[in-house]
4 protein chains.
Amino acid sequence: MTDPSAATGFSSITDTLDRLAIEVPSWAYGNSGTRFRVFGTPGTPRTVEEKIADAAQVHAHTGLAPSVALHIPWDKTDDYTALREYAEGLGVRLGTVNSNTFQDEAYKFGSLTSADDAVRQQAVDHHLECLEIMGRTGSRDLKIWLADGANYPGQNDLRQRQDTLAESLRTIYDQLDDGQRLVLEYKFFEPAFYSTDVPDWGTSYAHVSALGEKAMVCLDTGHHAPGTNIEFIVAQLLRLGKLGSFDFNSRFYADDDLIVGAADPYQLFRIVVEVIRGGGLDADSEVALMLDQCHNIEEKVPGQIRSVLNVQEMTAKALLLDREALAQAQADNDVLAANQVFMDAFFTDVRSDLAAYREERGLPGDPMAAFRESGYLDRIAADRVGGTQSGWGA
Amino acid sequence: MTDPSAATGFSSITDTLDRLAIEVPSWAYGNSGTRFRVFGTPGTPRTVEEKIADAAQVHAHTGLAPSVALHIPWDKTDDYTALREYAEGLGVRLGTVNSNTFQDEAYKFGSLTSADDAVRQQAVDHHLECLEIMGRTGSRDLKIWLADGANYPGQNDLRQRQDTLAESLRTIYDQLDDGQRLVLEYKFFEPAFYSTDVPDWGTSYAHVSALGEKAMVCLDTGHHAPGTNIEFIVAQLLRLGKLGSFDFNSRFYADDDLIVGAADPYQLFRIVVEVIRGGGLDADSEVALMLDQCHNIEEKVPGQIRSVLNVQEMTAKALLLDREALAQAQADNDVLAANQVFMDAFFTDVRSDLAAYREERGLPGDPMAAFRESGYLDRIAADRVGGTQSGWGA
Amino acid sequence: MTDPSAATGFSSITDTLDRLAIEVPSWAYGNSGTRFRVFGTPGTPRTVEEKIADAAQVHAHTGLAPSVALHIPWDKTDDYTALREYAEGLGVRLGTVNSNTFQDEAYKFGSLTSADDAVRQQAVDHHLECLEIMGRTGSRDLKIWLADGANYPGQNDLRQRQDTLAESLRTIYDQLDDGQRLVLEYKFFEPAFYSTDVPDWGTSYAHVSALGEKAMVCLDTGHHAPGTNIEFIVAQLLRLGKLGSFDFNSRFYADDDLIVGAADPYQLFRIVVEVIRGGGLDADSEVALMLDQCHNIEEKVPGQIRSVLNVQEMTAKALLLDREALAQAQADNDVLAANQVFMDAFFTDVRSDLAAYREERGLPGDPMAAFRESGYLDRIAADRVGGTQSGWGA
Amino acid sequence: MTDPSAATGFSSITDTLDRLAIEVPSWAYGNSGTRFRVFGTPGTPRTVEEKIADAAQVHAHTGLAPSVALHIPWDKTDDYTALREYAEGLGVRLGTVNSNTFQDEAYKFGSLTSADDAVRQQAVDHHLECLEIMGRTGSRDLKIWLADGANYPGQNDLRQRQDTLAESLRTIYDQLDDGQRLVLEYKFFEPAFYSTDVPDWGTSYAHVSALGEKAMVCLDTGHHAPGTNIEFIVAQLLRLGKLGSFDFNSRFYADDDLIVGAADPYQLFRIVVEVIRGGGLDADSEVALMLDQCHNIEEKVPGQIRSVLNVQEMTAKALLLDREALAQAQADNDVLAANQVFMDAFFTDVRSDLAAYREERGLPGDPMAAFRESGYLDRIAADRVGGTQSGWGA
């Protein structure tokens, strides 16, 4: 047993830890649920400004969440410049713009993959509008997650829809400005139950490779088949130069969208180990880390705080991995020694080191407690009365 | 290759086929969807009467669906006697009463398993109300499906909740009239994502065994872990005398609630083979067959018609299974021969025999075509204007 | 309900059916089993010639299996020219050469991905030897399936092994003759239980794309995560021009290697539909169809006969699919109609048409019965006494 | 963040930790592998005595493994009294007797479930012999794991086999002495690939409930469907009074039989939490903890040492769980607080406390290092030359 968390150990990783930034999604602060029920909570935001105010709390307490992803049309506003200034006034930036191709009545049978030209054009136009918004918000990434698929065998021409998708993506891609990127997310299933048009990393990779350098893959940690080795995909996409961004969350069964690290913290640790291994936390890395979760039953703002803290905790452990000892054990084919080096990093308790690290940076040592004591939840519950709480249908 | 569908073959199974009855759920005619979107359709029922009218269409075209399951509170009405007469006037009966413990704000953290006595009492009282309704509708079965569970490790005391559940069920069970039954459904996951309080047949079986003879297990074909051999569970529960009812549907991934037989018709065939093997289609069988599906993107009434036809088609194939030849091959450990007998039954085309069978009984040979040509969908689209379409939130 | 199997229907598909050819693997005739037990059978081949003799029986009875895949070193011989002539004398050709990187003591921790240069060179050299053998057998395809992977997190450097693999494959690829191909198989897991170096189609695709035109993906139908939509991958790889070959088998749980079509015949039907849709049965198609199965408890030769018949039966159904009606229903977004067209093809009973088709070609109408009556199994049981039965350890 | 590992915290759990005992299986020291390859290792035992000698090393270095499970016939010997004394001389006891119904040629199509009376009698007799051996070894538990099942639909009469199994088990059960128990293990799949005769805890529970008080369920942590919540089953079986024993190991995909805690240490922690919650570590508990693993590529003796240490480490964390704070958070439905209490226990680093704890008991603080430095592996590699290494076929 070695203990890499000795004082000298931890101090050696703080420079990299300082670079850790996790974007939070505006929609995490609105209500969400399952098809069975969406439970509301007092204080849930009614406007994009209130969502950003909530998101700013996460950053204020952790220093980890400097930007907020938007979802169009949920976060549409008349004046994006004002929104940008509003966010900056609260200490956060506007980040990735997420398109929505699953709620308009027109998209019942597909959007960018639709065989109906009018529907497809509507979906393409929606993305062009998103690009326009990105120009005003200063966002780099357009993230496309497609709900397109089929519930029954025979419903769609699987092959044709790939060609149609390629064409739609090309039209959008060609409108990207310098410095903008298109990130294409994949998902194993849901809401389509038989086939999904971008179901796996291979499909996303094939499309973004065909598009060009500004197109990248988005990996959502909850969007894989049972048993999939996600850290392998992370390593592979980094190797191929095509890992654009992460949607972090965790899962036991399907796309459960639970707090990242809650279901299997060791898996999150292994994922971060590969992110680091592949340069994803290097100073010049362009890999974007983001949360994409649903706080169906727990409080939303502290749910997000816990999430970014979980990523930070696993990152600290992963940075403490004794890569030299690991390389030696691997070279010796000493399976037990290699695994022990790995587990030793995971089982190193970094919580007090992280508390001290935070305090050195003017942050609360225990962000969860600090937020709880701040009275923010009571305040928004009292203030945000009337109006319509935000949610997926908003 | 043997062909058991010869004229004499088919005629030998019609008596059993005549007994086939599949209850349809009132909620299948309302709107449903995923957490991402519930698409509406013109003509969707606004009232329980309209749901029953739609259900009656299924029976009128197939002769297979003589009863309609109700869902309380979605189908609450002031006068159940009138509702019963209304249904009977349309040629169908009121069937199983399904309770709802997932939509009231109070049930956010549990219902019959809640640690909060007031919540638990509310949930128990709801079931007692269901029993009262059953008295008036003439229903035999109270079906309990619980959404109760947890999203995060530590959230609940897993052990305590089983004890609480046992106590709640006992209170309800003790109020059953003679001839009434409690059927306890199990489900692998959703809407809870870490633990579910009745997640598998073993749990349901342990509870209903403890309760007594009037308590039975309900098997929903979509509520199992990936790879589960469902026909084995059917055989086992029939052997144990505890298979109360089925919720039929099909799935590729999770609880997709697709049309039964659509995802894996051979699995449905195997399930029906075990139903027959275990006496589930015998004249004195008390096993209830029911659909529980969501027609998110396809038309609802024909979706239900297709569903009961699929069950009928697989039942005909299963009845044509040459059990004598099968038993011989099994006794000989002739794996290939046994499998061939099995597959031969499955691959026997019974469609034209079934068409003739239907016509002999005054039904349309092709119920799907007959319904399409009936103009019913256009009629309800024209008639049912205004009001609020039924759905899970109704 | 339409019935596309009318006489005119079936006659329209026979030209394509005539092109159907399914390679059988030499190792299917040897003993196989699980880690718990390999059961032997009287008559199991002791030599490569006896395996080929068994394989020739499959072709003789079905006309479907004109070639036999070899496995090196299991099928090594001193004189490949003689072996080729021997096979041709029995009416079959030698086909794909399969390398073996899982049985030599040296490969305990990897072969083409090994961090140990000597081991890696041994593995590369083995493939170069295979290429040499291919020159003599007249084989087109070198199939590489790698057992390489890790059982424990930390054991391997996931990223490094991909680079090493790319380098190894490049060395082998560069030695391919004109007309030769390298097909790279992927597998979800087993024998490695934590990570596998070529675990999914995306990884195989990334490697073969980098290699060049003579490198293709091999899709084994049993090598996917639970719930994976395999026909989607088929459609995608055909679209990308990178589907080299199939290993057919079926599965309920893991890589069960059961008779193709035995676990889920509807899935096999859907796969073949996409093969046809993507040109895989066109006259100029270079997609190779092959079996890769283990007959652990059933008789091996009739197990193989049943397998090629299952593929033929599903192919006939898939060819009978009314693609015009399907396209119309798809264009109308008529989900139920599209699904019905699909199911109608699947439920069309082609067995007697196929029997007649076979007889027209001088083959037995019922190959399973004809083989059983041939007495071949008794003959080889009597003849093949002594020696060592072939198996995976041979 | 609370830190329950303060000195006073750890000292409060040592009494319970002292009770922790994990039986090790004799077969873990022999060679094992996959169907692709069994790699041998220098020093692998050739006899049951050598296996016990290896097992004694685990106990000598950890104080955690006071007994060794036997496997019949692999560990058959002429003189069990001598074997018992041999073991005791090395400081360990003989424990559970495991029967073997998967290797005899007769069991190809089943053993206790066989439709062939002679085969079934042979299997019953084998268990009666095991009972006789138990009398001489002083073992309490007869563990039955059945490989019985089918590879193809139709192969077996699923229902009949349950009745046959019940009858076979009854015959064996009736021969149990006072103080002896029958523990019936279940397994999701493998080596049977379509149906398994005891596939889930429900089936095992139904059988042992019917048998009586001396029959219990054995839960192997690797024998479940993907996504199964194992700690729920632990809680349920303890509640029902039917959890007889554990087979510990870990898995990513199937029954991988990896080192317990290696795949998902948090899951192991949650399992142990429920063991403790249900009284499984109480002074009067009769729950047996055992390893059942395969060290295919890593060294066997240190693989076993690592395994029992992993269980000890997770047990210490689970004992440190602040159950009072947890109960309060649960009562408050404070999901985040409850989860944090849970995670805080898991992330508490108990490694140095455990090292001190061991040293206080005269054991090495770092058992892995101590064993490595002992030179034992070199010694057995040098000594155990010639003979046949033990393995599953031995």
Next item on the list: Looking only at non-hydrogen atoms, find the nearest pair between A:Arg239 and C:Ala166 and report the distance.
Entry: NH2-CB, 3.4 Å
Note to self: For the CD atom on C:Glu105, are there more than 12 heavy atoms of other groups (residues, nucleotides or ligands in this structure) within a distance under 6.0 Å?
What the structure shows: yes
Notebook entry, point to check: Atom CD in A:Gln236, atom CZ in C:Arg161: separation rounded to 0.5 Å?
Noted result: 13.5 Å
Check: C:Phe189 versus chain A, heavy atoms under 4.5 Å apart: side chain, backbone, both or neither?
Finding: neither
Notebook entry, point to check: A:Gln162 versus C:Phe232: any side-chain heavy-atom pair under 4.5 Å?
Noted result: yes
Next item on the list: Hey, could you give me the CE/OH distance between A:Met343 and C:Tyr152, rounded to the nearest 0.5 Å?
Entry: 11.0 Å
Notebook entry, point to check: Does any heavy atom of chain A fall under 4.5 Å from the side chain of C:Ser204, the backbone, both, or neither of them?
Noted result: neither
Check: With chain A, which of C:Thr228, C:Asp200, C:Leu326 has the greatest number of heavy-atom pairs at distances under 4.5 Å?
Finding: C:Asp200
Margin query: I need the residue from C:Pro226, C:Ala225, C:Ala150, C:Ala115 with the largest number of non-hydrogen atom pairs under 4.5 Å to chain A.
Written below: C:Pro226
Check: chain A heavy atoms under 4.5 Å from C:Gln160: which part of the residue, side chain, backbone, both or neither?
Finding: both
Next item on the list: With a 4.5 Å cut-off on heavy-atom pairs, point out which of C:Gly154, C:Pro199, C:Gly202 contacts chain A the most.
Entry: C:Gly154
Checklist line | Partner chain A: residue of C:Glu274, C:Gln155, C:Lys108 with the largest heavy-atom pair count (under 4.5 Å) | finding: C:Gln155
Margin query: How about CD on A:Glu213, more than 12 heavy atoms from neighbouring residues, nucleotides or ligands closer than 6.0 Å, or not?
Written below: no
Note to self: Show the nearest heavy-atom pair for residues C:Pro153 and A:Tyr266, with the distance to one decimal.
What the structure shows: CB-OH, 3.3 Å
Notebook entry, point to check: Which distance, rounded to the nearest 0.5 Å, do you find between the OH of A:Tyr205 and the CH2 of C:Trp201?
Noted result: 10.0 Å
Margin query: Which one wins on heavy-atom pair count under 4.5 Å against chain C: A:Leu240, A:Thr203, A:Asp197, A:Val234?
Written below: A:Thr203
Notebook entry, point to check: Taking side chain as C-beta onward, heavy atoms only, is A:Tyr194 less than 4.5 Å from C:Asn339?
Noted result: no
Check: So which part of C:Asp116 gets closer than 4.5 Å to some heavy atom of chain A, the side chain, the backbone, both or neither?
Finding: neither
Notebook entry, point to check: Between C:Arg159 and A:Leu238, what is the shortest heavy-atom contact and its length?
Noted result: NH1-C, 4.2 Å
Margin query: Which atoms of A:Asp163 are under 4.5 Å from chain C, going by heavy atoms: the side chain, the backbone, both sets, or neither?
Written below: both
Margin query: Please evaluate residues C:Phe188 and A:Asn229 with respect to the criterion side-chain contact (heavy atoms from CB on, under 4.5 Å), reporting the C-alpha separation (whole Å), side-chain torsions for both, the decisive distance (0.1 Å), and the verdict.
Written below: CA-CA 9 Å; C:Phe188 187 49; A:Asn229 184 325; over 6 Å; no
Checklist line | Distance-minimising heavy-atom pair for A:Asp157 and C:Gln330 | finding: N-NE2, 3.6 Å
